[in-house]
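Read through the structure below, which is laid out as structure tokens, and then see the notes.
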Amino acid sequence: MRSRATKREKGSHHTNEEQILLQSAKIASSKAIRTSAALGLTVKIIRDGKIISINPDKSEVVLRTLDKHEVDTSRFKKGMILERK
């Protein structure tokens, strides 16, 4: 009898459905960026922990730097429930 477990490719940790979803998101975002550029709209992206506004003339303006909080994991125990405030 064949196993129902999904086989994973070497070096890949995503299932086939995840691969399809990732590829669809990549295509959709690419089309949205091209359409925005064609319409002369500004696009906002996150790169290297910064929110960047890309203007139609390809100039970039850093709007804000995102804070990266360090998390102390030494007090975590298996089964704990975490809540974000």
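Atoms considered below: every heavy atom in the structure, side chains included; atoms not considered: hydrogens, waters and symmetry mates.
Side-chain atoms of P56 and T42, non-hydrogen and from C-beta on, do get closer than 4.5 Å to each other. Contact of the V62 side chain with the I51 side chain is not registered, since no non-hydrogen atoms from C-beta on lie closer than 4.5 Å. Between I46 and I52 there is no side-chain heavy-atom pair separated by less than 4.5 Å.
A donor-acceptor distance shorter than 3.5 angstrom exists from the side chain of S24 to the backbone of I20, with no hydrogens or angles considered.
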When the side chains of residues 30-39 are checked against the rest of the protein, which donor-acceptor pairs come out under 3.5 Å, sequence neighbours left out?
residue	atom	partner	partner atom	Å
S30	OG	R34	NH1	3.0
T35	OG1	K31	O	2.8
S36	OG	A32	O	2.9

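If you take CG on N55 and CG on L41, they are separated by 11.0 Å, rounding to the nearest 0.5 Å. Once rounded to the nearest 0.5 Å, the distance linking CD of E17 with CD of Q19 reads 10.5 Å.
Pairs passing the salt bridge (Lys or Arg N to Asp or Glu O under 4.0 Å) check and including a residue from residues 35-61, sequence neighbours excluded, read R47-E60.
Qualifying side chain to side chain contact (heavy atoms under 4.5 Å, CB included) partners for T73, counting only residues two or more places apart in sequence or in other chains: V71, F76. Under the rule for a side chain to side chain contact (heavy atoms under 4.5 Å, CB included), S29 has no partner lying at least two apart in sequence or in another chain. The side chain to side chain contact (heavy atoms under 4.5 Å, CB included) search around D67 returns H69, not counting sequence neighbours. Residues satisfying the salt bridge (charged side-chain N to carboxylate O under 4.0 Å, His left out) test with R75, not counting sequence neighbours, are none.
V61 is connected to L66 through a chain of hydrophobic side-chain contacts under 4.5 Å among Ile, Leu, Val, Met, Phe, Trp and Tyr, so both are in one cluster.
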